[in-house]
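Atoms within each ligand, like the ligands themselves, are counted from 1 in listed order. None of the values given here were measured: they were computed from a predicted structure.
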Amino acid sequence: MRLGINVLLGLVLAATVGAHFGLSADPTLPNREFLPNMVRSIPADAFAPSAVLPGGQTLQAPPPGTIPRGLLPLHYAATPEDAIRAGLELTNPFAPDDQKAINRGTVVFGNYCAACHGPGGLGDGLVTRRGVPPPPSLLVDNALKIADGQMFHIVTYGQKNMSSYASQVSREDRWKAILYVRLLQRQATARVAAPAPPSAPASAPQPR
Ligand code: HEC
């Protein structure tokens, strides 16, 4: 029993003395590492030559058919026919009452669409005052009939005078901007449906 305790105390002493010499006293320096080989592998620089990989280069072309993580391919061409097909096949992943998505869509529309389409979607954006042909209103019949997926196709691939916004606006943001366009449309439709406020009779004395 006593021998056991002594051996244990001896081990504790050896560990303490070992730690005293093994660990750095200077807190700005790293401590000694024990078997660091697997933690620190030898990294290959993406653009450095390689002695083992095909073509003598480290960075290899991705195999055909590789897709970026989180970005499923869209199988559409930039044609009006495929815009219609997108309208039948794609649906907005965000719900029309998703307030967070609408808020983001409002920002996206203000940043990327309003310059041409106008802040309210009427087609009276700032650039139209400087000779750019005005886009059609997004609040009238034609745009009301465009399905969400078709609108997504228009923003993604462009349509006539409007170029593609795929490189500037992420997919999620395009869907959210469409949510905002739908909100503008609902508001416009509600305005038309609501009765006009009664106007003051012409003969009434006008306040000055
Ligand atoms: C550089 C100006 C410009 C910008 C920016 C722009 N558009 Fe357009 N957009 C147009 C023009 C011009 C048209 C009409 C194209 C045509 O003749 O079919 C159009 C058409 C559309 C249509 C189809 C309307 C219809 O009745 O056919 C939709 C939907 C649309 N844009 C949405 C957007 C959204 C959403 C954004 C922002 C991500 C955006 N646009 C950004 C110029 C622009």
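Residue Y112 has at least one heavy-atom neighbour below 4.0 Å for each of these atoms of ligand 1: 5 (C), 37 (C), 41 (C).
Each protein N, O or S atom less than 2.8 Å from atom 8 (Fe) of ligand 1 was counted, giving 2.
From the protein, the heavy atom lying nearest to atom 14 (C) of ligand 1 is P136 CD, 3.4 Å. Counting protein heavy atoms only, atom 29 (C) of ligand 1 is closest to M151 CG, 3.2 Å. Of the protein's non-hydrogen atoms, N161 CB, 3.5 Å is the one closest to atom 12 (C) of ligand 1.
In this structure, L138 and F109 have side chains that are in contact, with non-hydrogen atoms separated by less than 4.5 Å. Using a 4.5 Å heavy-atom threshold, the side chains of M162 and C116 count as separate.
No heavy atom of A115 sits closer than 4.0 Å to any atom of ligand 1.
The salt bridge (Lys or Arg N to Asp or Glu O under 4.0 Å) test applied to R174 returns no partner, not counting sequence neighbours. Looking at residues two or more places apart in sequence or on another chain, you find no ring-ring contact (aromatic ring centres under 6.0 Å, His included) involving Y112.
For the atom pair CZ of F47 and CG of L59, the computed distance is 5.5 Å after rounding to the nearest 0.5 Å.
When the heavy-atom distances from atom 27 (O) of ligand 1 to N142, V132, V140, V108 are ranked, the shortest goes to N142.
Under 4.0 Å from ligand 1, the heavy atoms of I146 that appear belong solely to its side chain.
The number of heavy-atom neighbours closer than 6.0 Å to CD of Q187, taken from other residues, nucleotides and ligands shown, is above 12.
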Donor-acceptor pairs under 3.5 angstrom involving side-chain atoms of residues 145-153: please list them, not counting sequence neighbours.
residue	atom	partner	partner atom	Å
D148	OD1	R182	NE	2.7
D148	OD1	R182	NH2	2.9
H153	NE2	A77	O	2.9

